[in-house]
Amino acid sequence: MSKPFGRIAPERTTPLEWAAALDAHPRIRAVEMEYGPEGNLSRIHVVPHEDTSGLGTIVEDFAVDSWRAVFEDCYDPAGSDDELEDARYRGWRDGITGLPVPAADMAEWADVTVERIARRAPRRILEIGAGFGLLMEPLVRRLRPASYTATDFSQHAVARLRELAGPLTAQSPDTEITVAEGDALARPPGDGYDMVVINSVVQYFPSVLYLEAVLRRVLPLVQPGGHVYLGDLRHPRLLGAMTALGHRRAAPGAARETLAARVARDLRLDGELAVDPGHLHQLPRCFPKVTEVESAPRRGAAPTEMTLYRYDAVLHVGCAKPDGGPEWADGGELTLERAVAAFASPSAVAFRGIPNARLTDGLRAWRDWGTSQADAGGAEAHGAGTCGTALDPELLCTLAEQAGRRPGLRWTPEGDDGRFDLWCPEEDGTRQPSCTEAPAPGDDAPPARQPVYPPGTEARRREEIRSAVAALLAPGDEPPEVVFVSWLPGAR
Ligand SMILES: C[S@@+](CC[C@H](N)C(=O)[O-])C[C@H]1O[C@@H](n2cnc3c(N)ncnc32)[C@H](O)[C@@H]1O
């Protein structure tokens with residue numbers, strides 16, 4: 001971290017000098033230049049430096065302990081529920097409004113989650129970070145599994161889970177319910193779990209490395225054909241749009257500079273982990289037991305942070321590969337009428353890159369008040385403000401279901417503006433096609449390692465690197481796009 005960064009006078013920069021200068025930057029581990037058809041420097045791929053000082057784990061322990069204290073406080077029975085419609089939903093706040101999520105929206109959120117998990121008909125379930133049992137209760141009632149093991153690192157949560165376990169066992173006597181303190185991962189009875197649920201928990205993990213460490217402990221406990229459900233994940237490429245939307249709604253008349261500063265401050269101070277779906281799609285390279293990764297935006301009619309900006313991922317453990325991928329049609333110009341007509345035919349439907357109407361307002365706010373044009377690129381690409389073809393994923397799925405189809409959703413792998421892909425298998429098709437191809441930066445990338453340290457560290461590091469690139473530009477130069485990746489071929 002002590003390499004001096006030798007700045008090159010803009011008038012003398014050649015591609016080689018650019019590479020040498022960036023390579024010497026203390027925040028950069030590796031760079032790769034990409035040139036356009038006319039030999040112009042169009043894109044720079046940057047692998048930022050990781051912290052190798054050992055401070056990482058100390059900070060991680062500190063972060064985990066801090067979150068434990070936050071949850072103990074939040075779940076404390078002596079705490080006040082004054083502003084809550086339903087005490088089970090303590091602590092659930094919407095990142096757009098900053099207000100408690102309305103009870104009806106929470107109920108829909110829980111139903112959607114339970115539906116996604118129940119679809120796999122699991123018999124032996126482990127839930128890590130089970131909280132107040134919002135999923136345990138309906139899953140046990142509905143599935144009556146052979147066993148349900150719930151763990152949480154909060155003692156108040158564990159006490160609440162134990163309270164719930166009594167009546168649940170009475171209603172479902174064939175289900176063995178175990179409540180464990182901490183993140184205790186007891187070896188399950190029999191051949192292993194067939195479902196591990198980690199729902200709305202990963203954002204409190206201090207880094208992707210910590211998530212990988214959890215998976216390293218969990219995966220040996222999962223029997224072949226089982227799944228790991230990582231639910232309610234934050235999408236890092238959509239955080240800017242969400243933050244900008246919140247500020248625009250809170251203070252529509254405020255000056256642009258004031259709002260831009262507030263958005264930038266919130267992003268800098270953001271202390272919850274966001275995991276790129278692309279990182280998860282690379283997990284099979286790190287964990288051979290993971291045979292497939294699905295990721296999908298959340299369903300639900302209520303326009304909350306969760307339905308707009310979050311997603312779920314399912315890791316398939318030792319499962320048979322689904323059928324080959326569908327033949328995608330361009331979804332950029334899809335209209336509702338065309339979609340309805342496609343759903344009415346019995347053939348397979350697969351539209352790729354559909355602009356997401358649910359995100360238009362947020363992307364527009366991000367474009368207007370984002371901290372930099374480079375970061376607001378997603379909004380531009382989406383055509384925020386002018387788009388006539390953006391469609392609502394929930395509406396499309398509902399229409400597909402009304403036509404008797406089984407729709408699948410995912411974020412478009414290479415999109416950074418929340419575009420989505422939608423597909424329905426042939427009407428008589430028994431299996432869903434595979435829609436899990438790895439997103440950019442490419443097939444040969446190993447699992448992403450993206451440590452996250454105290455709030456804003458990552459954002460500051462990226463900003464420094466962007467400034468270093470900007471400093472190399474000659475007057476009038478078109479700035480190249482800076483793409484942050486976790487690995488480059490041949491990188492040290
Ligand atoms: C937002 S709540 C989600 C609860 C539950 N999974 C649900 O979906 O209703 C997050 C829960 O994760 C727990 N948690 C957070 N970080 C954790 C960690 N590192 N290990 C175990 N539990 C954790 C918290 O105590 C809290 O109960």
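Counting starts at 1 for both ligands and their atoms, in listed order. For the numbers below, each heavy atom of this structure counts, side chains included, while hydrogens, waters and symmetry mates do not. We number each residue from 1, following the sequence as shown.
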What do the steps show when you test R298 against T113 for side-chain hydrogen bond (donor to acceptor under 3.5 Å, both in side chains), and what is the final call? CA-CA 9 Å; R298 289 189 59 86; T113 313; 2.7 Å; yes
Could you tell me whether ligand 1 has any atom less than 4.0 Å away from a heavy atom of E127? yes
Is ligand 1 less than 4.0 angstrom away from at least one heavy atom of Y89? no
With backbone taken as N, CA, C and O and side chain as the heavy atoms from C-beta onward, which portion of A130 lies under 4.0 Å from ligand 1: side chain, backbone, both, or neither? backbone
Close N or O approach (N199, ligand 1; < 3.5 Å): yes
As a check for students: among I128, V201, V202, identify the option with a heavy atom nearest to atom 12 (O) of ligand 1. V201
Side-chain donor-acceptor pair under 3.5 Å between E127 and Y148, yes or no? yes
Between H227 and H316, what is the ring plane arrangement, given parallel below 30°, perpendicular above 60°, and tilted in between? perpendicular
Within a distance under 4.0 Å of any heavy atom of G131, pick out the atoms of ligand 1 and give their elements. 4 (C), 27 (O)
Tell me yes or no: between the side chains of R310 and T304, is some donor less than 3.5 Å from an acceptor? no
So is D152 polar-close to ligand 1, meaning N/O to N/O under 3.5 Å? yes
Report yes if some heavy atom in the side chain of W67 is under 4.5 Å from a heavy atom in the side chain of E272; otherwise report no. yes
What orientation do F71 and F153 show, parallel under 30°, tilted 30 to 60°, or perpendicular over 60°? tilted
Under 4.0 Å from a heavy atom of S200: which atoms of ligand 1 are those, numbered in the order shown and with their elements? 1 (C), 2 (S), 3 (C), 10 (C)
Under 4.0 Å between heavy atoms, the region of L135 that gets near ligand 1 turns out to be side chain
Compute the shortest N/O to N/O distance between Y75 and ligand 1 and return yes if it is under 3.5 Å, no if not. yes
Determine whether the side chains of D421 and T412 contain a donor N or O and an acceptor N or O closer than 3.5 Å. yes
Between A157 and ligand 1, does any nitrogen or oxygen pair lie at a separation below 3.5 Å? no
Could you list which atoms of ligand 1 come closer than 4.0 Å to a heavy atom of L134? 9 (O)
Quick one: does F205 get a heavy atom under 4.0 Å from ligand 1? yes
Between the candidates F132, F153, W67, which shows the shortest non-hydrogen contact distance to atom 15 (C) of ligand 1? F153
Donor-acceptor side-chain pairing of D73 and H156 below 3.5 angstrom: no
Using a plain distance cutoff, I'd like to know if Y210 has any nitrogen or oxygen under 3.5 Å from a nitrogen or oxygen of ligand 1. yes
Is D111 salt-bridged to R116, going by a charged N under 4.0 Å from an acidic O? no
With no hydrogens and no angle check, is any side-chain donor or acceptor of E294 less than 3.5 Å from a backbone partner on V314? no
